[in-house]
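Numbers restart at 1 for each chain; the letters A, B, ... are given by sequence-line order, proteins then strands. Computed from heavy atoms alone, side chains included, the values below leave out hydrogens, waters and symmetry copies. This one's a predicted model, so the numbers in the text were calculated from it and none came from an experiment.
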2 protein chains.
Amino acid sequence: MARTPRNTLSPELIVRTALELMEAKGADAFSLRGVAAELGVGPMALYTYFRSKDDLYDAVRNHLMALLPAVPSNAPWPDQVRAVCRSLRLLMLQHPCLAQLLASRPLSGHETARVAEGLLGVLRNAGFDPETAARTHTTLFTYVLGATSWEIQMAAERRDPEAWRRLRMTMESLSAREFPTVVELAPELARTTGGDEQFDYGLDLLLAGLQVRTPS
Amino acid sequence: MARTPRNTLSPELIVRTALELMEAKGADAFSLRGVAAELGVGPMALYTYFRSKDDLYDAVRNHLMALLPAVPSNAPWPDQVRAVCRSLRLLMLQHPCLAQLLASRPLSGHETARVAEGLLGVLRNAGFDPETAARTHTTLFTYVLGATSWEIQMAAERRDPEAWRRLRMTMESLSAREFPTVVELAPELARTTGGDEQFDYGLDLLLAGLQVRTPS
DNA sequence: CACCGTACTATACACTGTACGTTATGGATG
DNA sequence: CATCCATAACGTACAGTGTATAGTACGGTG
C-alpha cells in the first residue's frame with residue numbers, strides 16, 4: 001500500500017507552486033501550509049528542501065530574476081541603462097510579489113549577481129570610474145525598486161474597493177485652505193501614481209543628470 | 001476594589017507605546033498583544049481605539065510624519081527640494097520602522113498631506129506646470145523611499161552576524177570569470193550601500209536632470 | 001439611587017512557522 | 001533475492017498571531 005509515495009517533490013516544483021500561490025494571493029498572504037496543501041503534502045515535507053520560509057523566498061526570487069533578459073549590446077549606453085531598468089520594472093509588474101521579495105530580503109543568489117553584472121558592465125564600458133559606476137548602479141536600482149513598488153502598491157489599492165473609497169474620502173476631506181497645492185493638483189497626482197510615462201520621467205531625470213558628468 | 005480601572009488608555013498613549021515596541025523589535029516583529037502587554041491590558045482593549053492593526057499602523061505613521069520640519073523658505077528651490085528629501089531620509093533613519101510603514105500601507109492622513117503640500121508648493125513656486133510638479137513629486141518621493149529603505153535594509157543586514165556572514169560567502173563564491181565587473185567592483189559596491197554621500201549622489205542626479213528643464 | 005453607555009476582560013477560533021519524534025519506502029548492498 | 005539504512009514524508013505539538021463575540025464592572029448622567 002503506497003501510503004507515503006516518495007520523490008513526489010522537488011525544489012523546482014515547490015518553487016513553482018509557491019510562485020503561483022504568491023501571485024494569486026500576494027506575498028504576504030502566502031504560507032508554507034498553503035503551498036504544502038496545494039502539493040497534497042504535509043507542511044513539514046517542505047523542510048526537506050528548504051531550511052525555512054525565508055529560504056524558500058530567496059529561491060522564488062532567484063527563479064524570477066532568471067527571467068530577466070540580457071542587456072542589449074551594440075546600443076548607446078543610455079539606451080542600455082534604460083533597457084535594464086525597464087525590464088526589471090516590467091518583471092516586477094508581471095510578478096507583483098517580486099517587489100516584496102526584493103524589498104524584504106537581502107540580495108543574494110546567482111541570478112541577482114547576473115543582473116548587477118549587466119548594469120555595472122554597461123556603466124564601466126561607458127567610461128565611468130569604479131566608484132561612480134557603483135554609486136550609479138545603486139541609485140538606479142533603488143529608484144526602480146522604489147518607483148515600481150509604489151506603482152504596484154497604488155494599483156493594488158485601486159483594485160480594492162474599500163481601500164479606494166477611503167482614499168478618496170480622505171483626499172476630499174483635505175482642507176483647501178490648509179493644503180491648497182495638494183487639492184489643486186489632486187487630478188495630476190492621481191494620474192502620476194504609475195504608468196510607463198511616470199517611470200520614464202524619473203528615469204530620464206536620472207539619465208539627464210548622468211549625461212552631464214559623462215566621462216567621454 | 002478597582003478591578004478594572006478605566007480611562008487608563010488613550011490613542012496617544014497606545015501610539016507611543018506601539019512606536020517604542022516597533023523601534024525596539026522592528027515593525028515586523030511588532031504585535032498587538034505585545035503593546036497590550038506593555039500597557040498591562042488585554043489585547044482586545046486596543047480595539048476600543050483602533051479598528052484593526054493596520055489602523056494602528058496608520059496612526060503611528062501619521063505620528064512620525066508630524067515630526068518632519070517645515071520647508072525652509074527664502075532659499076533657492078533646489079535647496080528647498082534637497083532639504084525636504086534629506087529630512088524625510090533622516091526621519092526614516094531615526095525611525096527605521098517608518099520605511100516599512102510607508103511601503104506597506106497606502107498614503108493617507110493629515111500629516112502625510114502636509115509633507116506633500118510642502119514639496120508640491122516648492123515645485124509650483126519654482127514655475128513647474130501642474131503635471132511636471134506632480135510627476136517630480138512622485139519621482140522624488142519614490143526615490144527617497146527606495147534609496148532609504150535599501151539603506152536601512154543593508155544596515156540591518158550588517159548588524160546581523162549570521163546574515164552578514166552568508167552575504168560575504170555568496171559574494172566571495174561568485175566566479176570572477178562569470179561576473180568580472182561585480183567581483184572587480186565589490187569594494188565600491190559595499191561602500192555605496194548607504195550613507196549621506198550615496199543618497200546625495202542620486203538626489204543630485206535627479207536635481208541636475210530637473211534643472212535642465214527649469215521653466216524660468 | 002437607578003440607569004446606561006462604554007472601557008475593558010475573557011474566551012475562543014482559525015491561522016501561522018517550525019521543533020521534535022516516527023514511519024515506511026526505494027535504492028544500494030550482501 | 002533478502003537485508004539494511006538513509007531519508008522523504010508524516011503526525012503531533014507549541015508558542016505565537018489578529019480578531020470575532022460575549023460578558024462585566026465602572027463612571028457620569030437622569
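Nucleic acid contact class of Y49(A) (heavy atoms, under 4.0 Å, all strands): sugar-phosphate only. Note on S31(A): only backbone sugar-phosphate atoms sit closer than 4.0 angstrom, heavy atoms only; bases stay farther off. Contact annotation for A45(B): base contact, defined as any heavy-atom pair under 4.0 Å involving a base atom.
With hydrogens and angles ignored, the 3.5 Å screen pairs a side-chain donor or acceptor of E151(A) with a backbone N or O of G195(A).
Computed from coordinates, the K53(A) NZ to dT16(C) C1' distance equals 8 Å when rounded to whole Å. Regarding F50(A), its CZ atom lies at a distance of 13 Å from the P atom of dT18(C), rounded to whole Å. Remark: P of dA9(D) and CD of E38(A) are 16 Å apart, rounded to the nearest angstrom. Between the CG atom of L32(B) and the P atom of dT16(C) there is a distance of 18 Å, given to the nearest Å. Following rounding to the nearest Å, M44(B) (CE) and dT24(D) (C1') show an atom-to-atom distance of 15 Å. Distance CG (D28(B)) to C1' (dT17(D)): 13 Å, rounded to an integer number of Å. Per the geometry, NZ belonging to K25(A) stands 7 Å off P belonging to dT16(C), to the nearest Å. With rounding to whole Å, L9(B) atom CG is found 10 Å from dA7(C) atom P.
Side chain of V41(B), nearest nucleotide from dC8(C), dC10(D), dG17(C): dC8(C). The side chain of T48(A) lies closest to dA9(D) when the candidates are dC8(C), dA9(D), dT19(D).
Taking 4.0 angstrom as the limit, T8(B) places none of its side-chain polar atoms (N or O) nearer than this to OP1 or OP2 of dA7(C).
Where R51(A) and G34(A) meet DNA chain C, the nucleotide closest to each residue was compared, and G34(A) sits on the side nearer the 5' end.
The pair R114(B)-E117(B) does not meet the salt-bridge criterion, since no charged nitrogen lies less than 4.0 angstrom from a carboxylate oxygen.
The base of dG18(D) lies close enough to the side chain of R33(B) for a donor and an acceptor atom to sit less than 3.5 Å apart.
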Would E20(A) and R16(A) satisfy salt bridge (Lys or Arg N to Asp or Glu O under 4.0 Å), going step by step from the backbone distance to the final call? CA-CA 6 Å; E20(A) 283 170 24; R16(A) 275 209 316 274; 5.3 Å; no
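Atom OG1 of residue T193(B) and atom CD of residue E188(B) lie 12.5 Å apart, to the nearest 0.5 angstrom.
Aromatic rings of F50(A) and Y57(A) (six-membered ring for Trp) have centroids beyond the 6.0 Å cut-off, not under it.
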